[in-house]
Amino acid sequence: MRDQPDVLVIGGGTAALCAAISARHAGARVSLLEQAPHGLRGGNTRHSRNLRIAHAEPTPFSLGNYPESDFLQDLWTATGGASDPELAARLVRGSTEATDWLVAHRVHLQPTSSDVLPPSRKTAFLLGGGKAMLNALYATAARIGVEIRYETEVNGLRLSGTCVERVEISDSGGTRIAKPRALVACCGGAQANRDWLRAQWGEAADGFVNRGTPYASGQVLLSMLDQGAAAVGDPGNAYLVAVDARSPADDGGIATRVRCMPQGIVVDIEGRRFHDEGVDTASTRYAVWGRRLAACPRQLAYVILDARGLRQAPPALYPPIAAETLAGLAVALAIEPTRLLATVADYNAAVRPQRDTGDSGTWHTEGLDPPKSRHALPLIEPPFAAFPMRPGITFTYHGVAIDARTRVRLTDGRCAENLFAAGVIMAPNIVGRGYVSGLSLTIGVVFGRIAGEEAARHALG
Ligand SMILES: Cc1cc2nc3c(=O)[nH]c(=O)nc-3n(C[C@H](O)[C@H](O)[C@H](O)COP(=O)(O)OP(=O)(O)OC[C@H]3O[C@@H](n4cnc5c(N)ncnc54)[C@H](O)[C@@H]3O)c2cc1C
């Protein structure tokens, strides 16, 4: 490995590749270190599928228009204002160039005419998903001379004053020190680090599923914070979604989401309902349920459906747990049968059809706490079925503060001169809470490019 590259990029996802390619285009000698093996390269980017872009008129990849002011407003609304206005403005402006830049680097986007996925106004879809984008960007990076090393882990760095002095790296050959002129940290968050999660969430963390890469250990993030980098966001907050409890501990991706809550009722391990299942019907309902599941005993709950609900439910990756009777289903779920039977009986007795319309969406309960405000059809048709659910962690809201040049801010108010950050590791500067779809990839592309250019300028300057 080049021990003295001009620019050393840590990570192998969207942000890292955009930073490495941009730094190389700017004339720097660049090394990219990816902790994962080749087959698992690319972090959570592997699981992604769309990015959010502002555009003034229809593009081959997005319908209609999405003015920059609308993007900023959506961001403001979703985060409740927890977004640095200068960085948010850079993100939105940079998003207008993101698809052109990706296409120029041989990434294929889904044309709106192709209908592989329903086309969108606010986002562009990656044709072939995140993996296909990664393959294209890795090929570009290699072609233009970026040195790429897999199974190479950065353990930490040493900051002296405002400069990174050295970086500790390990691979199959052992541990050694590199002294790059500039360092770009694009190595994501700490959501795969069970000890760290437990420190934030207590025992509840043991009930979480990590939806993405197992390599998000956060060790570089924690090392930076240890060395005087300023933190941003909230370590006790995470973007959680409802996933099937049978998902693998890591890397289940988007296919394990559970979305059929409106078609049934949701009970905890005691067989008790705890939230209105009819109120959240947007396509992103799995996201609001993630946090509710985190507050459940053992972070486990079940959607209970009857045969009609199951027929109406969206497709699921795992088969439902099914039984001819509710009592049999309760036994299969290890719920006390009398509790589940009582919950379903109370619910069925409270269901009220809407007389003046045939729309079952308007059926609701009366006198039930919590209510089911829409889609409240009785659970009466056997066989009965259930999907077990847990909170699936996507990313955390904990990162390093940066300035508009992506230089890492220090707790003493200064900025590091040769330490830059891009991607999820700095995303909480822009999305301190909440989320809008496609935001993370756009943050990776826009700030990865800025960080690569700034790092090269520093290294070569
Ligand atoms: C299931 C799922 C679906 C998603 N879908 C979307 C979507 O459609 N659109 C969207 O915008 N966002 C989506 N996201 C979020 C998005 O994928 C990520 O936030 C984004 O990919 C982050 O990019 P990144 O480059 O910052 O980090 P990552 O892509 O996670 O890359 C981090 C990299 O750092 C490496 N690394 C970590 N530690 C070290 C170390 N110490 N040394 C060396 N390398 C290290 C990792 O191996 C990895 O390659 C999704 C996330 C998940 C989990």
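FYI, side chains are in, hydrogens and waters are out, and symmetry mates aren't considered; it's all heavy atoms of this structure. When a ligand or atom number is given, it counts from 1 through the structure's own listing order.
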Point to revise | Any side-chain donor near an acceptor of the partner, Tyr150 and Asp171, under 3.5 Å | key: no
Exercise for review: Measure Ile425 to ligand 1 on non-hydrogen atoms and call it side chain, backbone, both or neither using the 4.0 Å cut-off.
Suggested key: neither
Study note, to complete from the structure: Ranked by distance from atom 32 (C) of ligand 1, the top protein heavy atom is Cys186 O, 3.7 Å
Point to revise | Location of contacts on Val220 toward ligand 1, heavy atoms closer than 4.0 Å | key: side chain
Point to revise | Part of Ile10 within contact of ligand 1 (heavy atoms, under 4.0 Å) | key: side chain
Review point. Which residue owns the protein heavy atom closest to atom 5 (N) of ligand 1, what's the atom, and how far is it?
Key: Ser48 CA, 3.3 Å
Exercise for review: Decide salt bridge (charged side-chain N to carboxylate O under 4.0 Å, His left out) for Asp74 and Arg52; before the verdict, give the C-alpha distance in whole Å, the side-chain angles of both, and the deciding distance to 0.1 Å.
Suggested key: CA-CA 11 Å; Asp74 286 349; Arg52 185 165 285 247; 3.7 Å; yes
Revision key, fill the gap. Atom 37 (C) of ligand 1: of Phe447, Tyr435, Tyr215, the nearest heavy atom sits on Tyr215
Check your understanding: Does the gap between the ring centers of Phe420 and Phe447 come in under 6.0 Å?
Key -> no
Practice item. Kindly confirm or rule out an N or O of Val424 lying under 3.5 angstrom from an N or O of ligand 1. Key: yes
**Study point:** Short side-chain donor-acceptor distance under 3.5 Å, Thr213 and Asn44
**Key:** no
Practice item. Measure Arg41 to ligand 1 on non-hydrogen atoms and call it side chain, backbone, both or neither using the 4.0 Å cut-off. Key: neither
Check your understanding: Can you tell which of Asp251, Leu134, Leu32, Thr45 gets a heavy atom nearest to atom 23 (O) of ligand 1?
Key -> Thr45
Revision key, fill the gap. Within the 4.0 Å heavy-atom cut-off, what Tyr239 brings close to ligand 1 is neither
Exercise for review: Using only heavy-atom distances, determine whether the side chains of His47 and Asp251 contain a donor-acceptor pair under 3.5 Å.
Suggested key: yes
Point to revise | From the candidates Met426, Gln35, Gln219, the one that places a heavy atom nearest atom 38 (N) of ligand 1 | key: Gln35
**Study point:** Sequence-distant partners of Tyr215, side chain to side chain donor-acceptor pair (under 3.5 Å), two or more places apart
**Key:** none
Exercise for review: Ignoring hydrogens and angles, state whether a donor on the side chain of Gln263 or Glu277 is under 3.5 Å from an acceptor on the partner side chain.
Suggested key: no
